[in-house]
Amino acid sequence: MKILLIIALFMLIPRWIWGQKTKQKIALLKYKGIGQENVKKNWMDRISFSNKNLNTDFARCPVGVEPADQAIFQYPFVYMDGAQVLTLTEAEKQNLREYTAAGGFLQIHVPEVRKADFFSEINQIFSEAKKVKIEREHPIFNQKYKFPEDFPYLQQFYKKDLPVWGITTEDRLCVCCESFERETEQLKNTEMSSLQIVPEEILKIEANILSYVFQNQCL
């Protein structure tokens with residue numbers, strides 16, 4: 001029995017590895033100053049949630065991609081974490097412009113404390129593109145999970161407006177910039193004991209965004 005089990009494992013593991021290599025992958029933008037490990041771990045959770053609840057079939061692990069790398073055009077969806085100061089070369093900026101113009105989608109998350117400086121840099125990258133405010137009624141927030149009923153915490157925390165804006169090209173949303181507060185330390189003093197609620201709502205938001213992007217992808 002042990003021998004048969006070992007043989008079975010040797011047959012199945014390579015097939016699983018090959019399956020992961022050929023599946024659609026989520027890409028994480030790598031730039032100077034940003035660490036990838038925590039971002040990668042968070043995205044593995046989001047991918048798992050999406051695969052389980054939306055019946056998507058993304059590879060379990062996201063991949064890193066450089067801003068100036070032509071490999072970015074292999075990925076319809078790229079996530080950019082704005083936890084660090086953003087400084088890109090002109091070649092990197094141009095590649096991101098070409099990527100989004102070609103049909104790629106760039107999602108950016110920026111902590112509130114860095115929003116002004118970070119978004120100033122993003123505005124320079126997409127200086128000629130149209131900026132739009134993304135309202136809570138937008139389809140990107142209303143896929144499987146609907147706003148506000150599936151997001152009781154966000155509904156209360158952002159009573160008026162969601163801190164989200166986007167960039168469009170030829171009337172297609174190609175960049176989504178948001179500053180939802182995700183640091184649990186900053187949520188401990190809120191009225192709601194939300195440490196169990198917020199992570200689930202973030203997973204729902206990401207699942208909705210992924211659903212929207214891959215239903216409307218052009219790349």
Side-chain angles (χ1 to χ4, degrees), residues 9 11-31 34-83 95-96 98-110 134 138-147 150-151 154 162 164 166-167 169 172-180 182 196-219:
L9 288 173
M11 292 176 63
L12 292 174
I13 289 176
R15 184 177 299 177
W16 181 87
I17 293 173
W18 174 251
Q20 291 296 309
K21 287 183 178 181
T22 57
K23 288 183 178 182
Q24 179 68 65
K25 297 178 179 64
I26 300 300
L28 309 179
L29 197 71
K30 300 191 295 185
Y31 64 95
I34 188 67
Q36 288 288 304
E37 288 309 311
N38 286 339
V39 178
K40 182 177 179 180
K41 181 180 181 300
N42 289 338
W43 265 99
M44 288 178 68
D45 292 338
R46 295 167 194 174
I47 289 169
S48 176
F49 183 88
S50 178
N51 286 346
K52 179 180 178 180
N53 294 281
L54 271 65
N55 295 319
T56 53
D57 193 29
F58 298 119
R60 188 176 68 89
C61 293
V63 297
V65 62
E66 303 282 350
D69 194 340
Q70 289 297 300
I72 196 172
F73 290 89
Q74 300 175 21
Y75 308 107
F77 177 93
V78 175
Y79 177 82
M80 184 179 194
D81 189 277
N95 202 45
L96 289 178
E98 292 177 1
Y99 166 74
T100 52
F105 186 93
L106 181 64
Q107 181 193 353
I108 304 170
H109 172 255
V110 184
I134 303 179
H138 193 282
I140 203 167
F141 295 126
N142 294 276
Q143 295 292 310
K144 175 175 180 177
Y145 303 104
K146 310 298 181 182
F147 197 95
D150 289 324
F151 301 93
L154 287 177
L162 295 177
V164 183
I167 295 172
T169 176
R172 179 184 65 84
L173 184 66
C174 60
V175 180
C176 175
C177 306
E178 44 96 344
S179 55
F180 292 117
R182 302 183 180 194
Q196 294 181 345
I197 300 174
V198 171
E200 181 180 351
E201 293 193 15
I202 294 300
L203 291 173
K204 289 179 179 178
I205 288 174
E206 298 298 351
N208 272 357
I209 292 174
L210 288 173
S211 177
Y212 173 84
V213 170
F214 282 91
Q215 285 181 28
N216 297 277
Q217 66 168 296
C218 302
L219 195 62

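Residue numbers run from 1 in the order of the sequence given. Note that these values count all heavy atoms, side chains included, but never hydrogens, waters or copies made by symmetry.
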Tell me the closest heavy-atom pair linking P67 and N95, and the distance in Å.
O-ND2, 2.8 Å
Side chain to side chain, Y145 and L54, heavy atoms closer than 4.5 Å
yes
Quick one: does I47's side chain get under 4.5 Å of P62's, heavy atoms only?
yes
I would like to know whether F58 and W43 meet side chain to side chain contact (heavy atoms under 4.5 Å, CB included); could you show each step before the answer?
CA-CA 11 Å; F58 298 119; W43 265 99; over 6 Å; no
Is it the case that atom NZ in K52 sees more than 12 heavy atoms from other parts of the structure closer than 6.0 Å?
no
All heavy atoms of V175 vs all of C177, minimum pair found to be CG1-SG, 3.6 Å
Considering only heavy atoms from C-beta outward, does the side chain of L96 approach that of L29 to under 4.5 Å?
yes
Any heavy-atom pair between the side chains of I209 and I205 that's under 4.5 Å?
yes
Supply the atom-to-atom distance K30 NZ to K40 NZ, rounded to the nearest 0.5 angstrom.
10.0 Å
Find the distance between CD1 (I202) and CZ (F151) and round it off to the nearest 0.5 Å.
8.5 Å
Report the C-alpha distance between L173 and I140 in whole Å, list the side-chain angles of each, state the deciding distance to 0.1 Å, and finish with yes or no for side chain to side chain contact (heavy atoms under 4.5 Å, CB included).
CA-CA 10 Å; L173 184 66; I140 203 167; 3.9 Å; yes
Nearest 0.5 Å, please: how far is CZ in F49 from CG in L210?
11.0 Å
Under 3.5 Å donor-acceptor, K144 side chain and N53 backbone
yes
Which value, rounded to the nearest 0.5 Å, describes the distance between T56 atom OG1 and I26 atom CD1?
8.0 Å
Using only atom types and a distance under 3.5 Å, with no angle test, would you say the side chain of D57 pairs donor to acceptor with the backbone of K23?
no
Find out whether E206 and Q107 are in side-chain contact, i.e. whether some heavy atom of one side chain is under 4.5 Å from a heavy atom of the other.
yes
Parallel, tilted or perpendicular: which one describes the rings of F105 and F77, with boundaries at 30° and 60°?
parallel
Within a strict 4.5 Å, meaning less than it, do heavy atoms of the N208 and D150 side chains meet?
no
Would you call R46 and S50 a side-chain contact if the rule is heavy atoms closer than 4.5 Å?
no
Quick one, M44 with C61, criterion side chain to side chain contact (heavy atoms under 4.5 Å, CB included). Give me CA distance, side-chain angles, the key distance, then yes/no.
CA-CA 6 Å; M44 288 178 68; C61 293; 3.8 Å; yes
What distance do Q74 atom CD and Y99 atom OH have between them, rounded to the nearest 0.5 Å?
11.0 Å
Rounded to the nearest 0.5 Å, what separates atom CZ in R172 from atom CG in N216?
9.0 Å
Mind listing the closest non-hydrogen atom pair of V164 and C176 along with its distance?
CG1-SG, 3.8 Å
Just say parallel, tilted or perpendicular for the rings of H138 and Y212, cut-offs at 30° and 60°.
perpendicular
Find out whether Q24 and P76 are in side-chain contact, i.e. whether some heavy atom of one side chain is under 4.5 Å from a heavy atom of the other.
yes
